[in-house]
Asks: 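One structure, as structure tokens, below. Some questions next.
Throughout, protein chains are lettered first and strands after them, A, B, ... in sequence-line order, and every chain is numbered starting at 1.
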Amino acid sequence: MGAQARRPPPRIALIDGNSFYCACERVLRPSLEGRPVIVLSNNDGCAIARTAEAKALGIAMGAPWFKIQHLEARGLIAISANFALYGDMSDRMMRVIGQFSPAQEIYSIDESFLDLTGLPGTGRDIGTQIRHRVLRWVGIPTCVGIGATKTLAKLANHLAKSLPRLQGVCDLSGLGRAELMRAIRHVPIQDVWGVGRKLAPSLESSGIRTAADLALADRHVLRRRYSIMLAKTAQELCGEPALDWEDAPAPKQQIMSTRSFGLPVRELAELEQAVSLFTSRAAEKLRLQHSHASAVQVYIRTSRFKTGPWHADSAVVPLDSPTDSTPTLLRAALSGLRSVFRPGFDYAKAGVCLLDVRPAVPIAAQGELFDFESSGDAARSGRAMAVVDQLNQRFGSRMVQVASALHEADARWLMRQAHRSPSYTTVWRDVVEVG
DNA sequence: TCTGGGGTCCTAGGACCC
DNA sequence: TCTGGGGTCCTAGGACCC
């Protein structure tokens with residue numbers, strides 16, 4: 001028990017970028033500093049990131065662009081999303097954060113957990129150092145929340161963001177139970193990680209209105225009336241870990257590629273083009289993680305927002321054996337598409353989802369026993385796919401495509417990106433000019 | 001004209017078996 | 001043939017996350 005008692009208390013940090021996508025744009029265009037900026041989703045549909053100045057204009061997360069466009073007159077700057085840039089900036093930021101601890105879990109493009117347990121220095125000191133280094137080396141402003149569990153780290157991060165006097169760092173680790181409850185008793189229940197827009201009203205009607213209320217609620221009742229996840233959240237809010245630590249990202253179990261269209265699509269031929277492109281993108285992701293899929297799902301749908309004839313359907317096409325071959329996946333996707341397509345509708349969106357994704361096993365160990373001929377095909381197909389992926393990586397992502405996807409420039413269904421900024425860090429011809 | 005995309009996990013319910 | 005219970009597996013759908 002003696003050794004046990006001296007073990008340092010758990011200390012988990014959550015570091016995330018403030019208005020991350022906007023911050024990435026600002027790194028390369030310093031003139032955006034101090035101005036209201038938003039980043040628009042694919043298709044310039046809605047706001048998916050907002051600077052503090054944009055929030056001050058009253059712009060909500062997810063606000064449709066056509067409803068807020070008039071704010072351009074008041075200085076609002078809108079930028080079409082550039083996910084290649086954000087991914088690149090994310091890699092740099094995560095590497096710098098990873099210098100502070102050997103145990104890092106990258107949770108999303110702009111969020112990273114870091115295990116600070118046993119490291120020298122107070123949480124506040126380490127958090128402040130992280131913020132300064134990321135800002136100086138990468139140019140991204142961050143906030144740091146620290147707690148005994150992941151859920152408390154998330155909550156502390158939320159406090160660090162909302163209380164200016166904390167200067168971007170909030171450390172809830174090392175607090176006694178009573179102090180901890182005092183610290184979280186003003187946090188509304190809907191701000192707790194794992195409580196969303198459906199759960200919040202339901203909990204409120206049972207008298208659970210704050211994070212502290214949830215922490216103190218009866219876990220058996222939570223388990224019975226809601227779910228095991230909510231019971232775990234309550235446990236974590238008390239400082240008792242209930243969620244696992246994931247050092248390496250688990251391979252995806254499903255892989256999607258889907259887009260809304262820039263213009264309504266009526267013709268099967270155009271949908272085939274789009275579905276072909278989505279399938280080849282998804283297949284690339286599949287091969288990147290060295291996996292095979294056993295089924296392909298295709299879906300199409302008309303607009304959720306327009307009145308008029310409505311149609312949405314999806315089909316799952318099982319494959320004879322798991323594969324990563326674009327042509328095989330494509331045949332399945334297109335047959336699925338033909339089975340759900342109905343003429344006479346204005347389709348607004350389509351998507352492809354690879355299902356039952358598992359790590360690839362050696363060709364000899366899969367498929368039909370004694371099926372030498374198809375094994376040979378699989379080997380040839382594997383080599384061809386590797387060449388296609390190499391060419392695409394080297395010369396640009398659409399260099400080599402299945403013929404039915406055609407050239408993007410010919411596709412009228414492609415998304416709008418009216419506010420696109422150059423891909424400074426990822427495309428040579430866009431490398432920033434000094435001026 | 002104009003409302004994102006990509007994921008995970010849990011649960012309920014049905015099919016099937018003994 | 002009917003009834004019942006217990007168990008597993010699978011799938012669809014919901015809720016949540018960023």
Asks: Could you give the CD-to-P distance, from A/E284 to B/dG6, as a whole number of Å?
Replies: 13 Å
Asks: As a test of reading the structure: which of B/dG5, C/dC16, B/dC9 is closest to the side chain of A/K198, going by heavy atoms?
Replies: C/dC16
Asks: Please determine, for the side chain of A/I255, which listed nucleotide (B/dC2, C/dC16, B/dG7) has the closest atom?
Replies: B/dG7
Asks: Less than 4.0 Å between a side-chain N and a carboxylate O, is that true for A/D346 and A/R266?
Replies: yes
Asks: For A/M256, which contact category applies under a 4.0 Å heavy-atom criterion: base, sugar-phosphate, or nothing?
Replies: base
Asks: To the side chain of A/R304, which of B/dG4, B/dT8, C/dC18 is closest?
Replies: B/dG4
Asks: Which nucleotide in the set C/dC18, B/dC10, B/dG7 lies at the smallest distance from any side-chain heavy atom of A/K285?
Replies: B/dG7
Asks: Please tell me which of the listed nucleotides, C/dC17, C/dC16, B/dG4, lies nearest to the side chain of A/S260?
Replies: B/dG4
Asks: Figure out the OH/P separation between A/Y226 and B/dA12, and round it to whole Å.
Replies: 14 Å
Asks: Once you apply a heavy-atom cut-off of 4.0 Å, does A/D44 come out as touching a base, just sugar-phosphate, or nothing?
Replies: nothing
Asks: Wobble G-U and Watson-Crick pairs count when both distances are under 3.5 Å; given that, what is the 5' to 3' dot-bracket string of DNA chain B, with | for pairing to other strands?
Replies: ....||||||||||||||
Asks: Could you tell me the separation between the CG atom of A/L286 and the C1' atom of B/dG7, rounded to a whole number of Å?
Replies: 15 Å
Asks: Nearest 0.5 Å, please: how far is CG in A/L214 from CG in A/L230?
Replies: 5.0 Å
Asks: Between atom CD in A/Q190 and atom P in C/dC18, what is the gap in whole Å?
Replies: 14 Å
Asks: In whole Å, I'd like the distance from the OH atom of A/Y299 to the P atom of B/dG7.
Replies: 12 Å
Asks: Measuring from the side chain of A/R259 (C-beta onward, heavy atoms only), which nucleotide among B/dC2, B/dG6, B/dC10 has the closest atom?
Replies: B/dG6
Asks: From the options C/dC18, B/dT8, C/dC16, select the nucleotide whose nearest atom is closest to the side chain of A/K252.
Replies: B/dT8
Asks: A/E111 and side chain to side chain contact (heavy atoms under 4.5 Å, CB included): which partner among A/D16, A/I106, A/I97?
Replies: A/D16
Asks: Ion pair present between A/E204 and A/K198, side-chain N to carboxylate O less than 4.0 angstrom?
Replies: no
Asks: Report which part of the nucleic acid A/V192 touches: base, sugar-phosphate, or nothing (heavy-atom distance under 4.0 Å, all strands).
Replies: sugar-phosphate
Asks: Taking the six-membered ring of A/F261 (Phe, Tyr or Trp), confirm whether the NZ or CZ of A/K349 is under 6.0 Å from its centre and within 45° of its axis.
Replies: no
Asks: Could you check how far CH2 of A/W193 sits from P of B/dT8, rounded to whole Å?
Replies: 15 Å
Asks: Take the protein atom CZ of A/F20 and the nucleotide atom P of B/dG4, then report the distance between them rounded to whole Å.
Replies: 22 Å
Asks: From B/dG4, C/dC17, B/dT3, pick the nucleotide closest to the side chain of A/N42?
Replies: B/dG4
Asks: Would you please indicate yes or no on a ring centroid separation below 6.0 angstrom for A/W137 and A/H132?
Replies: no
Asks: According to the 5.5 Å centroid and 30° plane-angle thresholds, does A/F305 stack upon the nucleobase of B/dT3?
Replies: yes
Asks: When the P atoms of B/dT3 and C/dC17 are compared, how many Å lie between them, rounded to an integer?
Replies: 25 Å
Asks: Kindly point out which of B/dC10, B/dC2, C/dA15 is positioned nearest to the side chain of A/K306?
Replies: B/dC2
Asks: For A/E111, which contact category applies under a 4.0 Å heavy-atom criterion: base, sugar-phosphate, or nothing?
Replies: sugar-phosphate
Asks: Please compare A/I48 and A/A250 by the position of their nearest nucleotide in DNA chain B and report the one closer to 5'.
Replies: A/I48
Asks: Using a heavy-atom cut-off of 4.0 Å across all strands, would you classify A/I109 as base, sugar-phosphate, or nothing?
Replies: nothing
Asks: Is any side-chain nitrogen or oxygen of A/R223 closer than 4.0 Å to OP1 or OP2 of B/dT11?
Replies: yes
Asks: Measuring from A/N82:CG to A/H419:NE2, what's the distance to the nearest 0.5 Å?
Replies: 14.5 Å
Asks: If you look at every strand shown and take non-hydrogen atoms under 4.0 Å, does A/I228 touch a base, only sugar-phosphate, or nothing?
Replies: sugar-phosphate
Asks: For A/Y107, report the nucleic acid contact type (base, sugar-phosphate, nothing); a contact means any heavy atom under 4.0 Å.
Replies: sugar-phosphate
Asks: For a quick test of reading the model: is some side-chain N or O of A/K67 closer than 4.0 Å to OP1 or OP2 of B/dT1?
Replies: no
Asks: Check every atom of B/dG6, C/dC17, B/dC9 against the side chain of A/S257 and return the nucleotide holding the closest atom.
Replies: B/dG6
Asks: Between C/dC17 atom P and A/E246 atom CD, what is the distance in whole Å?
Replies: 17 Å
Asks: Walk me through whether A/E236 and A/L152 qualify under side chain to side chain contact (heavy atoms under 4.5 Å, CB included).
Replies: CA-CA 7 Å; A/E236 288 239 325; A/L152 283 171; 5.9 Å; no
Asks: Calculate, to the nearest 0.5 Å, the distance between atoms CG and CZ belonging to A/L57 and A/R50 respectively.
Replies: 11.0 Å
